[in-house]
Amino acid sequence: MSVFDSKAKKLCGAFFLAAVSLFSFMASPSPAAQAQPDIAISPAVPPKDTARYVMMVSTSSGMGMGANRMLMLDARGLPATATPNLAWHMIPEAMRMGKYLPLIRPERSMGGTGGETSTSEREDWTTKIYWSCAKEVPKGQPIVISTKDQSKQSQLFDAYSGNTLNFWKEPPNGWGWGQWPNKEYYVQVPMNGSLKGDHFVHGNYLPHIKFGVAQHDFLSALKVKTGDGNLNAFIPVTWESVPGAIGYFIYAMASNESKREMVIWTSSQKATYGIQSYEHSSRIKELVKIGVVLKPDVQACNIPAGIFVGYEHPMIMVYAWGNDYWNSYPPKPANPPKGWKPDWTVNGLFLSQWNGVPGAQTSDASQSSYQETDAEDEEAAADSASQPQKSTGGKSAEEKKQNQEKKDSGGGPTININLPSISIPKPF
């Protein structure tokens, strides 16, 4: 993966590397914040430009680690009336994550490319690009690209990658900015939580953003099988349909350090490095029409025989997208006039992703076992205002109970949020 990190990240920006990193982040044990103090509702800030609120909502599975949920929130508004930028997302009770999620401005942009590699290292590598669901390598494949050929790299990526969000990019001067999760506060998103209900976002750089979610929610976890692991034969990738999915995409890669080569394959009917993991549903539907994204009724695709033979640690990623959530104030008219600019917009993007290797399977038993095992712990954590959580592994019921009692008694590290402790009025 080090090769992919140093090469493809430079070629493709956020690309699929972001999704792999998120999966690793979600799968690791995560502390929760202590009991939340009441907060005051911030006065509404009259906007000089449209305030933008983005929710990136994902479900991750695979790698033998069960299913996890991830929520990333991003608020941007102009002007920022005070420093530091402060904002909160008051969440519905159905989310089971406490009263609110504080949105903290990142110390620096999260969109950097990481450590630089030398020019000689970049120039020495080649990438083989395969595509389509054929059992055998189609005629004319692969396309072989040297890292020296920047124009060809750009053509393959830019053709279908889209330009989805500036989530990772710091806003211009004068804009307030806040994100969750953040270093000051993080609680695991419970598998039995729901986005449905009334939401309220406020802060010292935002108008009052009130919206309700009724039809949208976390997508189901992908359940995938990837054959028997024989790399000499074609690799069948099959999955169960995800309710509400509007399209699927499969991406696979492997590398060979000694040969200084990387192999990339996608399920697309056209040659491409891939597409953004978080993408607007309108864009996904366009890509379905031209054959880059698989149709929502497709449940199988093949990786051509032999393309990973001689390469190290092939990784397969399967993606399913749902329809966006969108809201604004004032509500968007059927035929908005030229230059129409609302006070605020809310956009929710929905993704389910699976990560695994050839020969991996996601069984129904492992999925249900994960949810049933953690259900009681999640309920107890929510009822105790999100006390610190730790992985219980194979501990007995008595040990779990003792650990929960310690949590309820106030044990664990204090998370310093620095919020005023005053009564909060009902936002709706």
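Bear in mind that the values here come from a model prediction, so they are computed numbers and not experimental data.
- Of all heavy-atom pairs between Pro92 and Leu195, the closest is CG-O, 3.8 Å.
- For Pro79, the side-chain contact (heavy atoms from CB on, under 4.5 Å) partners two or more places apart in sequence, or in a different chain, are Val45, Lys48.
- Using modelled atom types and a 3.5 Å distance limit, the side chains of Ser42 and Asn204 yield no donor-acceptor pair.
- Using a 4.5 Å heavy-atom threshold, the side chains of Arg283 and Ile275 count as separate.
- Considering only heavy atoms from C-beta on, Leu206 stays 4.5 Å or farther from Trp344 through its side chain.
- The closest donor-acceptor contact from the side chain of Asp198 to the backbone of Gly212 lies at 3.5 Å or more, if one exists at all.
- Residues Glu240 and Val224 have side chains not in contact (no heavy-atom distance under 4.5 Å, counting atoms from C-beta outward).
- Across all non-hydrogen atoms, the minimal contact from Ser132 to Pro304 is O-CD, 4.1 Å.
- Here Asp343 pairs with nothing under the side-chain hydrogen bond (donor to acceptor under 3.5 Å, both in side chains) rule; sequence neighbours left out.
- Inspection of the Asp74 and Trp177 side chains reveals an N or O donor paired with an N or O acceptor under 3.5 Å.
- A donor-acceptor pair is defined here as one N or O able to donate and one able to accept, closer than 3.5 Å; such a pair exists between the side chain of Thr59 and the backbone of Leu219.
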* Asked: Yes or no on side-chain contact (heavy atoms from CB on, under 4.5 Å) for Phe249 and Val292, after CA distance, side-chain angles and deciding distance?
  -> CA-CA 8 Å; Phe249 189 86; Val292 173; 4.2 Å; yes
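- Under the side-chain contact (heavy atoms from CB on, under 4.5 Å) criterion, Asp228 pairs with Asn230, not counting sequence neighbours.
- Within the structure, salt bridge (Lys or Arg N to Asp or Glu O under 4.0 Å) pairs that include any residue of residues 287-311 do not occur (at least two apart or interchain).
- Legend: residues meeting side-chain hydrogen bond (donor to acceptor under 3.5 Å, both in side chains) with Ser281, ordered by chain and number and at least two apart, are Asp324.
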* To do: Go through Met90 and His202 one step at a time and tell me if the side-chain contact (heavy atoms from CB on, under 4.5 Å) criterion holds.
  => CA-CA 8 Å; Met90 318 307 293; His202 63 96; 3.5 Å; yes
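- Contact of the Tyr273 side chain with the Thr127 side chain is registered, since non-hydrogen atoms from C-beta on lie closer than 4.5 Å.
- The main-chain N or O of Trp354 is never found under 3.5 Å from a side-chain atom of Ser61 such that the two would form a donor-acceptor pair.
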* Asked: What's the verdict on side-chain contact (heavy atoms from CB on, under 4.5 Å) for Trp265 and Ser267, showing C-alpha distance, side-chain angles and the deciding distance?
  -> CA-CA 7 Å; Trp265 168 88; Ser267 56; 4.0 Å; yes
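- Under the side-chain hydrogen bond (donor to acceptor under 3.5 Å, both in side chains) criterion, Asn327 pairs with Tyr325, sequence neighbours left out.
- Note: His216 NE2 to Leu349 CG = 10.0 Å, rounded to the nearest 0.5 Å.
- Residues forming a side-chain contact (heavy atoms from CB on, under 4.5 Å) with Ser328 (at least two apart in sequence, or on another chain): Trp326, Lys332, Trp340, Pro342, Thr345.
- For the pair Val213/His199, a side-chain contact is recorded, criterion being any heavy-atom separation below 4.5 Å from C-beta on.
- Checked for salt-bridge contact, Lys259 and Glu312 miss the test: no charged N lies under 4.0 Å from a carboxylate O.
- For Trp239, the ring pair (Phe, Tyr, Trp, His ring centres under 6.0 Å) criterion is met by Tyr248, not counting sequence neighbours.
- Here the CD1 atom belonging to Ile129 is positioned 11.0 Å from the OG atom belonging to Ser268, to the nearest 0.5 angstrom.
- Interatomic distance, OG of Ser255 versus CE of Met315, reported as 11.0 Å (0.5 Å rounding).
- Between Pro46 and Ala44, the shortest heavy-atom distance links the atoms CD-O, 3.5 Å.
- Between His89 and Tyr100, the ring center distance fails the sub-6.0 Å criterion.
- A donor-acceptor contact shorter than 3.5 Å links the side chain of Asn256 to the backbone of Gly310.
- Applying the ring pair (Phe, Tyr, Trp, His ring centres under 6.0 Å) test to pairs two or more places apart or on separate chains, none has a residue in residues 281-303.
- Rounding to the nearest 0.5 Å places CD1 of Ile91 at 5.5 Å from CE of Met97.
- A 6.0 Å sphere centred on CD of Gln299 holds more than 12 heavy atoms belonging to other residues, nucleotides or ligands.
- Of the possible donor and acceptor atoms, none in the side chain of Tyr130 sits under 3.5 Å from a partner among the backbone N and O of Ile143.
- No hydrogens or angles considered: a donor-acceptor pair under 3.5 Å links the side chains of Tyr278 and Ser58.
- Electrostatic pairing of Lys341 and Asp49 counts as a salt bridge here, judged by a charged N lying under 4.0 Å from a carboxylate O.
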* Asked: Hey, mind stepping through Val309 and Asn232 against side-chain contact (heavy atoms from CB on, under 4.5 Å) and telling me if it holds?
  -> CA-CA 7 Å; Val309 172; Asn232 290 292; 3.6 Å; yes
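- One N or O on the side chain of Arg69 and one on the backbone of Met191 form a donor-acceptor pair closer than 3.5 Å.
- Distance check, rounded to the nearest 0.5 Å: OG1 of Thr266 to OH of Tyr319 gives 12.5 Å.
- Every residue two or more places apart in sequence or in another chain was checked for a side-chain hydrogen bond (donor to acceptor under 3.5 Å, both in side chains) with His208, and none qualifies.
- Partners of Asn302 under the side-chain contact (heavy atoms from CB on, under 4.5 Å) rule, at least two apart in sequence or in another chain, are Lys135, Phe234, Pro236.
- In this structure, the side chain of Gln36 engages the main chain of Lys99 through a donor-acceptor pair within 3.5 Å.
- In this structure a side-chain-to-backbone donor-acceptor pair under 3.5 Å is missing from Trp180 to Tyr186.
- The closest side-chain heavy-atom distance from Leu103 to Val201 is below 4.5 Å.
- Taken to the nearest 0.5 Å, the CE atom of Met63 stands 12.5 Å off from the CG atom of Asn68.
- Gly193 approaches Phe218 most closely through the heavy-atom pair O-CD1, 4.3 Å.
- In terms of heavy atoms, Thr238 sits closest to Ala300 at CG2-CB, 3.9 Å.
- Here ring pair (Phe, Tyr, Trp, His ring centres under 6.0 Å) pairs that include residues 57-85, with residues two or more places apart or in two chains, number zero.
- Between Ile290 and Lys270 the shortest side-chain heavy-atom distance falls below 4.5 Å.
- The shortest side-chain heavy-atom distance between Val346 and Met55 falls under the 4.5 Å cut-off.
- For Leu294 against Val288, the heavy-atom pair with the smallest separation is O-CG2, 4.0 Å.
- A donor-acceptor contact shorter than 3.5 Å links the side chain of Asn182 to the backbone of Pro102.
- Counted by atom type alone, Tyr311 and Glu261 present one or more donor-acceptor pairs between their side chains at under 3.5 Å.
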